[in-house]
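Just so you know, ligand 1 is whichever comes first in the structure, and atom 1 is the first atom listed for that ligand. Computed from a prediction, not measured in an experiment: that's the story for all the values here.
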Amino acid sequence: MKTAAAFILGFAVGMACLAVVLWRTGSLQTAQVQAARAVPETIHFQDPQINHGERKQPPAIPPPFPTAATPAAVPEVAPSLGMPIAGVDPHTLRSNFSETRAGHAHEALDIMAPRGTPVQAVAEGNVVKLFTSKQGGLTVYQFDNSRTWCYYYAHLDRYAPELKEGTLLRKGDVLGYVGSTGDASPDAPHLHFAVFQLGPAKNWWEGTAVDPLPLLK
Ligand SMILES: [Zn+2]
């Protein structure tokens, strides 16, 4: 009997010691801490200002380009461009930037030329998009090397052979040929040339149009 009692007592003391050890180092303590942490979080949820600062999540879809904390410096002076059609004296052209075409502002320069006349890059930079649209027909969007400006060439009859998105064009390289694709009259083939100042997102489809003609002179 004595031996059995001593065993039971010893077992009880051992379990008590184990419980104390678990309490100090084990999962019991962790559970207690987690329960304690839950309290201030609940308070934060009730205060939108604290929530905003402390619980802000990163956006699920990152923006396509990193946005700087301060806007990148934009050159005050617009670029000086080469002529998109060789042999045309810019002084013989008149600006039709502010004219209205089909109910919207034209915001480009039309240069009349025979069908098939080569169209040249006005500056060095990569072809960003080859796009066919109802209005512009066969078009080329080219960024300048600083990715500040986009040059848009429309109504092309066809592209230059080997021209692809990403192709680096040097100033004067032929990118296509004058035509009347899109909404241009077949009787009046011409190059529709536009210059956009790109926004911070550097999207080829959005920007602020500037009159190209003064840049060609
Ligand atoms: Zn036009």
Side-chain angles (χ1 to χ4, degrees), residues 74-75 77-161 163-167 169-199 201-217:
V74 171
V77 180
S80 177
L81 302 177
M83 275 302 291
I85 294 179
V88 173
D89 179 358
H91 296 94
T92 64
L93 302 174
R94 64 174 184 85
S95 172
N96 37 46
F97 182 81
S98 302
E99 292 177 5
T100 302
R101 302 284 166 90
H104 59 84
H106 185 227
E107 296 191 331
L109 175 67
D110 286 340
I111 305 173
M112 309 308 291
R115 187 182 308 278
T117 303
V119 176
Q120 304 175 342
V122 296
E124 184 175 301
N126 293 94
V127 173
V128 173
K129 188 71 181 175
L130 300 180
F131 190 69
T132 303
S133 73
K134 194 177 170 186
Q135 291 181 329
L138 218 56
T139 72
V140 173
Y141 290 81
Q142 178 197 15
F143 282 8
D144 81 316
N145 280 337
S146 71
R147 300 173 69 82
T148 304
W149 304 94
C150 180
Y151 308 122
Y152 172 67
Y153 314 80
H155 303 315
L156 299 176
D157 189 63
R158 62 190 189 279
Y159 294 128
L163 191 79
K164 295 186 188 75
E165 289 173 5
T167 297
L169 295 170
R170 313 277 180 192
K171 192 174 184 174
D173 280 354
V174 174
L175 56 89
Y177 300 88
V178 171
S180 56
T181 54
D183 63 5
S185 166
D187 302 330
H190 66 277
L191 174 68
H192 171 105
F193 175 64
V195 177
F196 302 94
Q197 187 167 8
L198 293 161
K202 309 299 180 190
N203 292 322
W204 59 269
W205 63 88
E206 59 185 7
T208 306
V210 299
D211 188 353
L213 187 55
L215 311 182
L216 301 175
K217 289 181 172 174

For the residue pair H192 and H106, categorise the inter-ring angle as parallel (less than 30°), tilted (30 to 60°) or perpendicular (more than 60°). perpendicular

Out of H190, H155, R115, which one pairs with S180 under the side-chain contact (heavy atoms from CB on, under 4.5 Å) rule? R115

Nearest N/O/S atom of D110 with respect to the Zn ion (ligand 1), by atom name, please. OD1

Counting backbone and side chain alike, does H192 bring an N/O/S atom below 2.8 Å of the Zn ion (ligand 1)? yes

Report yes or no: does H155 have an N/O/S atom closer than 2.8 Å to the Zn ion (ligand 1)? no

Do the charged groups of R101 and D110 touch, with an N to O distance under 4.0 Å? yes

Count the heavy atoms of every other residue, nucleotide or ligand shown that sit under 6.0 Å from CD of E124, and state whether that count exceeds 12. yes

